[in-house]
Number of protein chains: 2
Amino acid sequence: MAEREIDHGSPTPVYRQIAALIIADIENGTLAVNRSVPSELALTQRFGVARATVRNAVRFLREEGYAYTVPHRGTYVKDRTSGTESGTD
Amino acid sequence: MAEREIDHGSPTPVYRQIAALIIADIENGTLAVNRSVPSELALTQRFGVARATVRNAVRFLREEGYAYTVPHRGTYVKDRTSGTESGTD
DNA sequence: CATCATTTGTTCGTATGTATC
DNA sequence: CGATACATACGAACAAATGAT
């Protein structure tokens, strides 16, 4: 999982930087499909940011189709390889 | 609850327009006493404005005696019928 | 079935930076 | 310059669902 390379001085919002790092891990397979994506708490500790910022990043991941969230369970990497909309299993 | 009739071109500040719409709902009973007043998030979505603007509107409602806010709980319609300042119940 | 830890959901409080009028 | 408005970010508190024990 990506280290902490957050630049608070960058014009790029922190939540976008975090999202980009997670997406990179998804792209290179560090984060497997239907698994992972650390919890919000884990991400706040990993990147040293507020939970609201982490949630913003995760929301972005969902909007971009990289992940899906199961309420009170966690957020998982979405399978973007299958052409058919079967998703679940 | 009021639709979205915000006019960004109007000389009347957006936060005042929103406050007026909420007040109208209080006046006509759409928003019951000691209940409602949508959350800040709900209001930002409903009117398509920034949270800061919504908070400005809610602050105005408080100042005008139309509502009271319980930290981390929500904002409620104040009972303006009772003459005595009992507020609670 | 009850309890507990984990995790996301929700809500308000506060601050900063930028832009516009 | 001040009021207004948007976007971002951190802080704090509590609610609710889930799963393990």
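Chain naming here is simple, since letters A, B, ... match the order of the sequence lines and numbering starts at 1 in each.
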Visitor: Answer yes or no: is there a side-chain heavy-atom contact under 4.5 Å between A/V33 and A/K78?
Guide: no
Visitor: With nearest nucleotide decided by heavy atoms, which residue, A/R73 or A/V49, maps closer to the 5′ end of DNA chain D?
Guide: A/V49
Visitor: Hey, where on DNA chain D does chain B first and last touch, going 5' to 3'? Cut-off is any atom under 4.0 Å from a heavy atom.
Guide: D/dT4 to D/dA15
Visitor: Roughly how many Å is it from CG in A/N56 to P in C/dT10, rounded to a whole number?
Guide: 15 Å
Visitor: For the pair made of NE2 in B/H8 and C1' in C/dT20, what is the distance, rounded to whole Å?
Guide: 13 Å
Visitor: For the helix from C/dA2-D/dT21 to C/dC21-D/dG2, what angle separates the axis at the start from the axis at the finish, each from five pairs, in steps of 10°?
Guide: 10°
Visitor: Take the protein atom CZ of A/R51 and the nucleotide atom P of C/dC12, then report the distance between them rounded to whole Å.
Guide: 15 Å
Visitor: Would you call A/E64 and A/R59 a salt bridge, using N to O less than 4.0 angstrom?
Guide: no
Visitor: Mark yes or no for a side-chain to base donor-acceptor pair under 3.5 Å between A/H72 and C/dT8, with no hydrogen or angle criteria applied.
Guide: yes
Visitor: Whole angstroms only, please: what is the OH-C1' distance between A/Y68 and C/dT8?
Guide: 15 Å
Visitor: Starting at the 5' end of DNA chain D and moving along, which residue's nearest nucleotide shows up first, B/R16 or A/Q17?
Guide: B/R16
Visitor: Taking only the side-chain nitrogens and oxygens of B/S39, find out if one of them lies under 4.0 Å from OP1 or OP2 of C/dT11.
Guide: yes
Visitor: Rounded to whole Å, please give me the gap between CG in A/L41 and P in C/dA5.
Guide: 15 Å
Visitor: Donor-acceptor pairs under 3.5 Å, side chain of residues 14-24 of chain B to any protein atom, not counting sequence neighbours: which ones?
Guide:
unit_1: B/Q17; atom_1: OE1; unit_2: B/D7; atom_2: N; d: 2.8
unit_1: B/Q17; atom_1: NE2; unit_2: B/D7; atom_2: O; d: 2.9
unit_1: B/Q17; atom_1: NE2; unit_2: B/T12; atom_2: O; d: 2.8

